Chemist: 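Pasting a structure below so you can have a look.
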Number of protein chains: 2
Amino acid sequence: MIADQAKAMSSFLPTEQRLQITCRQHPAFPREPAVLVRLIKHIYKRVHDDANALLKPWGINHPEYNLLMMLYGTERYTLNPSQLAEAAGEKSANITRLTNELCDKGLIERTASDEDRRKIALTLSKAGIAMIESFLPDICTLLERQTAGLQPREMLQLEKLLKKFLGQLELA
Amino acid sequence: MIADQAKAMSSFLPTEQRLQITCRQHPAFPREPAVLVRLIKHIYKRVHDDANALLKPWGINHPEYNLLMMLYGTERYTLNPSQLAEAAGEKSANITRLTNELCDKGLIERTASDEDRRKIALTLSKAGIAMIESFLPDICTLLERQTAGLQPREMLQLEKLLKKFLGQLELA
DNA sequence: TATAGATATTACATTTATGTATTAAATGAT
DNA sequence: ATCATTTAATACATAAATGTAATATCTATA
(Lines give C-alpha, C1' and ligand atoms only; values in the text may rest on other atoms or scores of the structure.)
Protein backbone atom coordinates (compact mmCIF):
# COMPACT_ATOMS: atom_id res chain seq x y z
CA MET A 1 0.00 0.00 0.00
CA ILE A 2 2.74 2.44 0.96
CA ALA A 3 4.86 1.03 -1.83
CA ASP A 4 1.99 1.44 -4.26
CA GLN A 5 1.57 5.04 -3.33
CA ALA A 6 5.28 5.72 -3.58
CA LYS A 7 5.29 4.17 -7.00
CA ALA A 8 2.24 6.03 -8.17
CA MET A 9 3.73 9.28 -6.95
CA SER A 10 7.07 8.75 -8.60
CA SER A 11 6.95 11.81 -10.80
CA PHE A 12 5.79 14.17 -8.10
CA LEU A 13 7.94 13.03 -5.22
CA PRO A 14 11.09 14.94 -6.23
CA THR A 15 9.08 18.10 -6.70
CA GLU A 16 7.58 17.72 -3.26
CA GLN A 17 10.96 17.12 -1.67
CA ARG A 18 12.26 20.31 -3.23
CA LEU A 19 9.37 22.27 -1.81
CA GLN A 20 10.26 20.77 1.56
CA ILE A 21 13.82 22.04 1.27
CA THR A 22 12.56 25.45 0.22
CA CYS A 23 10.50 25.61 3.38
CA ARG A 24 13.57 24.97 5.48
CA GLN A 25 15.46 27.75 3.74
CA HIS A 26 12.57 30.15 3.78
CA PRO A 27 10.25 29.37 6.71
CA ALA A 28 7.53 31.77 5.57
CA PHE A 29 7.06 29.74 2.38
CA PRO A 30 3.58 28.16 2.52
CA ARG A 31 4.24 24.55 1.67
CA GLU A 32 0.67 23.41 1.41
CA PRO A 33 -0.54 25.99 -1.13
CA ALA A 34 2.62 25.49 -3.16
CA VAL A 35 2.07 21.74 -3.26
CA LEU A 36 -1.50 22.24 -4.43
CA VAL A 37 -0.45 24.57 -7.22
CA ARG A 38 2.21 22.15 -8.40
CA LEU A 39 -0.18 19.24 -8.34
CA ILE A 40 -2.67 21.20 -10.41
CA LYS A 41 0.00 21.96 -12.93
CA HIS A 42 1.18 18.36 -13.22
CA ILE A 43 -2.36 17.07 -13.56
CA TYR A 44 -3.30 19.65 -16.13
CA LYS A 45 -0.30 18.89 -18.30
CA ARG A 46 -1.07 15.21 -18.17
CA VAL A 47 -4.73 15.58 -18.99
CA HIS A 48 -3.88 17.96 -21.80
CA ASP A 49 -1.34 15.60 -23.32
CA ASP A 50 -3.63 12.57 -23.02
CA ALA A 51 -6.43 14.38 -24.78
CA ASN A 52 -4.17 15.59 -27.56
CA ALA A 53 -2.89 12.07 -28.15
CA LEU A 54 -6.38 10.61 -28.26
CA LEU A 55 -7.72 13.25 -30.63
CA LYS A 56 -4.83 13.20 -33.07
CA PRO A 57 -6.44 10.62 -35.40
CA TRP A 58 -9.35 13.02 -35.87
CA GLY A 59 -7.04 15.87 -36.79
CA ILE A 60 -7.99 18.09 -33.89
CA ASN A 61 -6.33 19.03 -30.62
CA HIS A 62 -7.50 19.55 -27.06
CA PRO A 63 -8.44 23.25 -27.31
CA GLU A 64 -10.38 22.59 -30.52
CA TYR A 65 -12.13 19.70 -28.81
CA ASN A 66 -13.11 21.99 -25.97
CA LEU A 67 -14.65 24.47 -28.36
CA LEU A 68 -16.61 21.78 -30.17
CA MET A 69 -17.88 20.35 -26.89
CA MET A 70 -19.00 23.74 -25.62
CA LEU A 71 -21.06 24.18 -28.76
CA TYR A 72 -22.34 20.62 -28.47
CA GLY A 73 -23.54 21.45 -24.96
CA THR A 74 -25.52 24.48 -26.08
CA GLU A 75 -29.06 24.84 -27.38
CA ARG A 76 -29.03 24.87 -31.17
CA TYR A 77 -25.26 24.29 -31.06
CA THR A 78 -24.60 28.01 -31.32
CA LEU A 79 -22.47 30.53 -29.42
CA ASN A 80 -20.82 33.86 -30.05
CA PRO A 81 -17.03 33.97 -30.08
CA SER A 82 -16.95 35.77 -26.75
CA GLN A 83 -19.25 33.27 -25.08
CA LEU A 84 -17.12 30.50 -26.47
CA ALA A 85 -13.99 32.15 -25.11
CA GLU A 86 -15.40 32.27 -21.61
CA ALA A 87 -16.87 28.78 -21.69
CA ALA A 88 -13.67 27.19 -22.94
CA GLY A 89 -11.34 29.29 -20.83
CA GLU A 90 -9.48 30.60 -23.85
CA LYS A 91 -8.42 34.18 -24.37
CA SER A 92 -10.27 35.96 -27.12
CA ALA A 93 -7.27 36.24 -29.39
CA ASN A 94 -7.10 32.47 -29.47
CA ILE A 95 -10.71 32.05 -30.44
CA THR A 96 -10.21 33.71 -33.79
CA ARG A 97 -7.41 31.35 -34.74
CA LEU A 98 -9.10 28.22 -33.40
CA THR A 99 -12.48 28.94 -34.97
CA ASN A 100 -10.79 29.76 -38.26
CA GLU A 101 -9.22 26.33 -38.22
CA LEU A 102 -12.50 24.66 -37.30
CA CYS A 103 -14.21 26.53 -40.12
CA ASP A 104 -11.53 25.46 -42.58
CA LYS A 105 -12.11 21.88 -41.51
CA GLY A 106 -15.84 22.31 -42.05
CA LEU A 107 -16.72 21.50 -38.44
CA ILE A 108 -18.36 24.80 -37.58
CA GLU A 109 -20.03 27.59 -39.53
CA ARG A 110 -20.08 31.34 -39.11
CA THR A 111 -23.16 33.39 -39.72
CA ALA A 112 -23.74 37.06 -39.05
CA SER A 113 -26.24 37.75 -36.31
CA ASP A 114 -29.33 39.65 -37.40
CA GLU A 115 -30.24 41.15 -34.06
CA ASP A 116 -26.81 42.52 -33.38
CA ARG A 117 -24.52 43.10 -36.29
CA ARG A 118 -21.50 43.22 -34.01
CA LYS A 119 -21.95 39.58 -33.30
CA ILE A 120 -21.18 36.43 -35.19
CA ALA A 121 -22.85 33.11 -34.55
CA LEU A 122 -20.68 30.02 -34.46
CA THR A 123 -22.64 26.84 -35.10
CA LEU A 124 -21.68 23.20 -35.27
CA SER A 125 -22.03 21.82 -38.77
CA LYS A 126 -23.42 18.37 -39.50
CA ALA A 127 -19.87 17.21 -40.00
CA GLY A 128 -18.92 18.68 -36.65
CA ILE A 129 -21.71 16.87 -34.83
CA ALA A 130 -20.82 13.67 -36.62
CA MET A 131 -17.19 13.99 -35.64
CA ILE A 132 -18.08 14.64 -32.01
CA GLU A 133 -20.24 11.57 -31.92
CA SER A 134 -17.49 9.52 -33.47
CA PHE A 135 -14.84 10.41 -30.89
CA LEU A 136 -17.07 10.65 -27.83
CA PRO A 137 -16.94 6.93 -27.01
CA ASP A 138 -13.14 7.11 -26.86
CA ILE A 139 -13.29 10.29 -24.81
CA CYS A 140 -15.65 8.64 -22.36
CA THR A 141 -13.27 5.73 -22.00
CA LEU A 142 -10.36 8.06 -21.41
CA LEU A 143 -12.22 10.07 -18.77
CA GLU A 144 -13.26 6.89 -16.97
CA ARG A 145 -9.74 5.57 -17.02
CA GLN A 146 -8.19 8.81 -15.83
CA THR A 147 -10.44 8.88 -12.80
CA ALA A 148 -10.52 5.16 -12.16
CA GLY A 149 -8.47 5.62 -8.99
CA LEU A 150 -11.13 7.76 -7.36
CA GLN A 151 -14.29 6.52 -5.70
CA PRO A 152 -17.49 8.34 -6.66
CA ARG A 153 -17.54 9.85 -3.21
CA GLU A 154 -13.97 11.09 -3.60
CA MET A 155 -14.79 12.64 -6.94
CA LEU A 156 -17.65 14.60 -5.43
CA GLN A 157 -15.40 15.74 -2.62
CA LEU A 158 -12.71 16.75 -5.07
CA GLU A 159 -15.22 18.65 -7.17
CA LYS A 160 -16.41 20.54 -4.12
CA LEU A 161 -12.90 21.45 -3.03
CA LEU A 162 -11.80 22.50 -6.53
CA LYS A 163 -14.86 24.71 -6.89
CA LYS A 164 -14.03 26.35 -3.60
CA PHE A 165 -10.47 26.85 -4.77
CA LEU A 166 -11.55 28.34 -8.09
CA GLY A 167 -14.08 30.55 -6.36
CA GLN A 168 -11.36 32.02 -4.17
CA LEU A 169 -9.03 32.50 -7.14
CA GLU A 170 -11.68 34.54 -8.89
CA LEU A 171 -12.23 36.76 -5.87
CA ALA A 172 -8.57 37.73 -5.81
CA MET B 1 -24.44 31.45 1.25
CA ILE B 2 -26.03 29.97 -1.82
CA ALA B 3 -25.82 33.37 -3.45
CA ASP B 4 -22.17 33.65 -2.49
CA GLN B 5 -21.34 30.34 -4.01
CA ALA B 6 -23.25 31.19 -7.17
CA LYS B 7 -21.33 34.42 -7.42
CA ALA B 8 -17.99 32.81 -6.76
CA MET B 9 -18.73 30.18 -9.39
CA SER B 10 -19.83 32.66 -12.00
CA SER B 11 -17.17 31.76 -14.50
CA PHE B 12 -17.60 28.02 -14.19
CA LEU B 13 -21.36 27.77 -14.06
CA PRO B 14 -21.97 28.05 -17.83
CA THR B 15 -19.36 25.40 -18.48
CA GLU B 16 -21.00 23.08 -15.99
CA GLN B 17 -24.41 23.64 -17.51
CA ARG B 18 -23.06 22.72 -20.92
CA LEU B 19 -21.65 19.48 -19.56
CA GLN B 20 -25.09 18.80 -18.13
CA ILE B 21 -26.67 19.20 -21.55
CA THR B 22 -24.03 16.99 -23.09
CA CYS B 23 -24.96 14.26 -20.65
CA ARG B 24 -28.56 14.44 -21.73
CA GLN B 25 -27.56 14.10 -25.37
CA HIS B 26 -25.01 11.41 -24.75
CA PRO B 27 -25.91 9.43 -21.62
CA ALA B 28 -22.61 7.53 -21.55
CA PHE B 29 -20.72 10.78 -21.06
CA PRO B 30 -19.18 10.72 -17.56
CA ARG B 31 -20.18 14.05 -16.11
CA GLU B 32 -18.16 13.88 -12.95
CA PRO B 33 -14.74 13.19 -14.53
CA ALA B 34 -15.43 15.83 -17.17
CA VAL B 35 -16.24 18.41 -14.51
CA LEU B 36 -13.03 17.61 -12.67
CA VAL B 37 -10.93 17.99 -15.79
CA ARG B 38 -12.54 21.31 -16.62
CA LEU B 39 -12.05 22.59 -13.11
CA ILE B 40 -8.39 21.65 -13.24
CA LYS B 41 -8.01 23.53 -16.46
CA HIS B 42 -9.73 26.68 -15.20
CA ILE B 43 -7.70 26.66 -12.00
CA TYR B 44 -4.43 26.08 -13.79
CA LYS B 45 -4.98 28.95 -16.20
CA ARG B 46 -5.80 31.27 -13.35
CA VAL B 47 -2.82 30.29 -11.24
CA HIS B 48 -0.55 30.58 -14.26
CA ASP B 49 -1.82 34.06 -15.12
CA ASP B 50 -1.58 35.28 -11.54
CA ALA B 51 2.01 34.12 -11.25
CA ASN B 52 2.97 35.70 -14.56
CA ALA B 53 1.47 39.01 -13.51
CA LEU B 54 3.26 38.98 -10.16
CA LEU B 55 6.64 38.08 -11.65
CA LYS B 56 6.57 40.57 -14.51
CA PRO B 57 8.41 43.32 -12.56
CA TRP B 58 11.33 40.92 -12.13
CA GLY B 59 11.45 40.18 -15.84
CA ILE B 60 10.69 36.49 -15.55
CA ASN B 61 7.61 34.38 -16.20
CA HIS B 62 5.95 31.43 -14.47
CA PRO B 63 7.92 28.63 -16.18
CA GLU B 64 11.20 30.41 -15.49
CA TYR B 65 10.13 30.87 -11.88
CA ASN B 66 9.44 27.17 -11.63
CA LEU B 67 12.91 26.33 -12.87
CA LEU B 68 14.55 28.73 -10.43
CA MET B 69 12.52 27.33 -7.54
CA MET B 70 13.40 23.74 -8.40
CA LEU B 71 17.08 24.65 -8.26
CA TYR B 72 16.53 26.62 -5.07
CA GLY B 73 15.01 23.50 -3.53
CA THR B 74 18.01 21.32 -4.38
CA GLU B 75 21.25 20.68 -2.52
CA ARG B 76 23.96 22.98 -3.85
CA TYR B 77 21.36 24.57 -6.14
CA THR B 78 22.32 22.26 -8.99
CA LEU B 79 20.44 20.01 -11.41
CA ASN B 80 20.93 18.52 -14.86
CA PRO B 81 18.65 19.71 -17.63
CA SER B 82 16.77 16.43 -17.65
CA GLN B 83 16.22 16.45 -13.89
CA LEU B 84 15.02 20.01 -14.19
CA ALA B 85 12.62 19.05 -16.96
CA GLU B 86 11.03 16.38 -14.82
CA ALA B 87 10.90 18.46 -11.68
CA ALA B 88 9.29 21.42 -13.38
CA GLY B 89 7.00 19.40 -15.61
CA GLU B 90 8.43 20.90 -18.78
CA LYS B 91 9.28 19.02 -21.95
CA SER B 92 12.96 18.77 -22.65
CA ALA B 93 12.78 20.96 -25.72
CA ASN B 94 11.58 23.80 -23.54
CA ILE B 95 14.39 23.45 -21.05
CA THR B 96 17.00 24.49 -23.57
CA ARG B 97 15.21 27.70 -24.41
CA LEU B 98 14.29 28.56 -20.84
CA THR B 99 17.73 27.86 -19.40
CA ASN B 100 19.31 29.86 -22.22
CA GLU B 101 17.22 32.82 -21.21
CA LEU B 102 18.04 32.36 -17.54
CA CYS B 103 21.74 32.17 -18.42
CA ASP B 104 21.49 35.32 -20.50
CA LYS B 105 19.93 37.06 -17.52
CA GLY B 106 22.76 35.84 -15.31
CA LEU B 107 20.46 33.92 -12.98
CA ILE B 108 21.94 30.47 -13.55
CA GLU B 109 25.26 29.07 -14.74
CA ARG B 110 26.19 26.09 -16.86
CA THR B 111 29.20 23.93 -16.14
CA ALA B 112 30.24 20.68 -17.72
CA SER B 113 30.00 17.64 -15.48
CA ASP B 114 33.27 15.83 -14.79
CA GLU B 115 31.84 12.42 -13.87
CA ASP B 116 29.70 12.12 -16.96
CA ARG B 117 30.69 14.17 -19.93
CA ARG B 118 27.25 13.84 -21.43
CA LYS B 119 25.82 15.95 -18.65
CA ILE B 120 25.69 19.64 -17.90
CA ALA B 121 25.18 21.10 -14.45
CA LEU B 122 22.79 24.02 -14.07
CA THR B 123 23.45 26.03 -10.93
CA LEU B 124 21.80 29.10 -9.43
CA SER B 125 24.10 32.12 -9.51
CA LYS B 126 24.37 34.58 -6.63
CA ALA B 127 22.16 36.90 -8.64
CA GLY B 128 19.64 34.11 -9.07
CA ILE B 129 19.48 33.39 -5.36
CA ALA B 130 19.18 37.09 -4.63
CA MET B 131 16.33 37.46 -7.09
CA ILE B 132 14.48 34.49 -5.61
CA GLU B 133 14.80 35.93 -2.15
CA SER B 134 13.54 39.26 -3.36
CA PHE B 135 10.34 37.93 -4.94
CA LEU B 136 9.60 35.15 -2.45
CA PRO B 137 7.72 37.39 0.02
CA ASP B 138 5.32 38.42 -2.74
CA ILE B 139 4.97 34.82 -3.89
CA CYS B 140 4.14 33.74 -0.35
CA THR B 141 1.48 36.41 -0.12
CA LEU B 142 -0.01 35.32 -3.44
CA LEU B 143 -0.09 31.65 -2.44
CA GLU B 144 -1.75 32.50 0.86
CA ARG B 145 -4.33 34.65 -0.84
CA GLN B 146 -5.09 32.09 -3.55
CA THR B 147 -5.84 29.45 -0.95
CA ALA B 148 -7.47 31.71 1.61
CA GLY B 149 -10.83 30.10 0.92
CA LEU B 150 -9.67 26.69 2.07
CA GLN B 151 -9.29 25.52 5.64
CA PRO B 152 -6.02 23.76 6.48
CA ARG B 153 -7.97 20.54 6.76
CA GLU B 154 -9.49 21.05 3.34
CA MET B 155 -6.09 21.72 1.81
CA LEU B 156 -4.77 18.45 3.17
CA GLN B 157 -7.80 16.64 1.83
CA LEU B 158 -7.39 18.31 -1.54
CA GLU B 159 -3.72 17.39 -1.61
CA LYS B 160 -4.54 13.79 -0.89
CA LEU B 161 -7.18 13.60 -3.59
CA LEU B 162 -5.05 15.36 -6.20
CA LYS B 163 -2.18 12.99 -5.51
CA LYS B 164 -4.49 10.07 -5.97
CA PHE B 165 -5.72 11.60 -9.22
CA LEU B 166 -2.19 12.21 -10.50
CA GLY B 167 -1.13 8.73 -9.47
CA GLN B 168 -3.90 7.22 -11.55
CA LEU B 169 -3.08 9.46 -14.52
CA GLU B 170 0.47 8.18 -14.47
CA LEU B 171 -0.63 4.58 -14.43
CA ALA B 172 -2.63 5.06 -17.62
C1' DT C 1 -29.57 62.76 -35.44
C1' DA C 2 -25.16 63.40 -33.60
C1' DT C 3 -21.97 62.11 -30.64
C1' DA C 4 -19.65 59.96 -26.54
C1' DG C 5 -18.90 55.74 -24.46
C1' DA C 6 -19.16 50.74 -24.29
C1' DT C 7 -18.62 46.24 -26.25
C1' DA C 8 -17.45 42.74 -29.74
C1' DT C 9 -14.43 41.17 -32.97
C1' DT C 10 -10.44 40.75 -35.42
C1' DA C 11 -5.44 41.61 -37.25
C1' DC C 12 -0.88 41.61 -36.41
C1' DA C 13 3.40 41.00 -33.89
C1' DT C 14 5.57 38.52 -30.38
C1' DT C 15 6.34 35.01 -27.10
C1' DT C 16 5.84 30.38 -25.63
C1' DA C 17 5.53 25.42 -26.36
C1' DT C 18 6.17 21.26 -28.90
C1' DG C 19 7.91 17.59 -32.27
C1' DT C 20 11.49 15.69 -34.91
C1' DA C 21 15.95 14.86 -36.02
C1' DT C 22 20.86 15.21 -34.89
C1' DT C 23 25.00 15.05 -32.20
C1' DA C 24 27.83 13.27 -28.52
C1' DA C 25 29.12 10.28 -25.01
C1' DA C 26 28.47 6.48 -22.03
C1' DT C 27 27.27 1.36 -21.49
C1' DG C 28 27.31 -3.48 -22.56
C1' DA C 29 28.12 -7.54 -25.34
C1' DT C 30 31.07 -9.96 -28.22
C1' DA D 1 39.11 -3.18 -28.45
C1' DT D 2 34.93 -2.64 -31.48
C1' DC D 3 30.41 -2.06 -32.53
C1' DA D 4 25.52 -1.75 -31.37
C1' DT D 5 22.48 0.29 -28.07
C1' DT D 6 21.00 3.59 -24.90
C1' DT D 7 20.75 8.08 -22.91
C1' DA D 8 21.47 13.15 -22.69
C1' DA D 9 21.34 17.29 -24.73
C1' DT D 10 20.46 20.42 -28.28
C1' DA D 11 19.11 22.72 -32.88
C1' DC D 12 15.79 23.74 -35.89
C1' DA D 13 11.22 24.09 -37.75
C1' DT D 14 6.48 24.39 -36.61
C1' DA D 15 2.41 25.12 -33.88
C1' DA D 16 0.03 27.29 -30.08
C1' DA D 17 -0.91 31.12 -27.01
C1' DT D 18 -0.83 35.83 -25.77
C1' DG D 19 -0.88 41.08 -25.83
C1' DT D 20 -1.83 45.22 -28.10
C1' DA D 21 -4.08 47.90 -31.03
C1' DA D 22 -7.40 48.81 -34.56
C1' DT D 23 -12.12 48.51 -36.43
C1' DA D 24 -17.02 48.23 -36.37
C1' DT D 25 -21.42 48.30 -34.31
C1' DC D 26 -24.48 49.17 -30.62
C1' DT D 27 -26.54 52.13 -26.62
C1' DA D 28 -27.71 56.13 -24.42
C1' DT D 29 -28.00 60.85 -23.98
C1' DA D 30 -28.33 65.40 -25.37
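Residue numbering restarts at 1 for every chain, and letters A, B, ... go by the order of the sequence lines. Quick caveat: nothing in here was measured; it's all calculated off a predicted structure.
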Chemist: Using heavy atoms to find the nearest nucleotide of DNA chain D for B/Asn80 and A/Asp116 separately, return the residue whose nucleotide is more 5′.
Modeler: B/Asn80
Chemist: Can you check each nucleotide of nucleotides 14-19 of chain C against protein heavy atoms at under 4.0 Å and return B for base, S for sugar-phosphate only, - for none, in 5' to 3' order?
Modeler: --SBBB
Chemist: Between A/Glu90 and A/Ile95, what is the shortest heavy-atom contact and its length?
Modeler: CB-CD1, 3.9 Å
Chemist: OP1 or OP2 of C/dT10 versus the side-chain N and O atoms of A/Ser92: is any pair under 4.0 Å?
Modeler: no
Chemist: Between A/Arg97 and A/Asn94, do the side chains contain a donor N or O and an acceptor N or O under 3.5 Å apart?
Modeler: yes
Chemist: If I take atom CZ in residue A/Arg118 and atom C1' in nucleotide C/dT7, what distance separates them, rounded to the nearest angstrom?
Modeler: 5 Å
Chemist: For a 4.0 angstrom threshold against heavy atoms of chain A, report the outermost contacting nucleotides of DNA chain D in 5' to 3' order.
Modeler: D/dA16 to D/dC26
Chemist: So, is A/Arg110 near the phosphate of C/dT10, with a side-chain N or O under 4.0 Å from OP1 or OP2?
Modeler: yes
Chemist: Is there a side-chain contact between A/Arg38 and A/Leu19, using heavy atoms and a 4.5 Å cut-off?
Modeler: yes
Chemist: Would you check if B/Ile40 and A/Val47 make a side-chain contact, meaning some heavy-atom pair closer than 4.5 Å?
Modeler: no
Chemist: Can you tell me how far the NE2 atom of B/His42 sits from the NZ atom of A/Lys163, to the nearest 0.5 Å?
Modeler: 12.0 Å
Chemist: Just the rounded figure in Å: distance from C1' of C/dT9 to CD of A/Glu86.
Modeler: 16 Å
Chemist: How close do A/Lys41 and B/Gly89 get, heavy atom to heavy atom, and via which atoms?
Modeler: CE-O, 4.4 Å
Chemist: Could you check how far CZ of A/Arg117 sits from P of C/dT10, rounded to whole Å?
Modeler: 16 Å
Chemist: I'd like to check A/Gln17 versus A/Leu13 (side-chain heavy atoms, cut-off strictly below 4.5 Å). Are they in contact?
Modeler: yes
Chemist: Say you draw a straight line from CE of B/Met69 to CZ of B/Phe135; how long is it, rounded to the nearest 0.5 Å?
Modeler: 6.5 Å
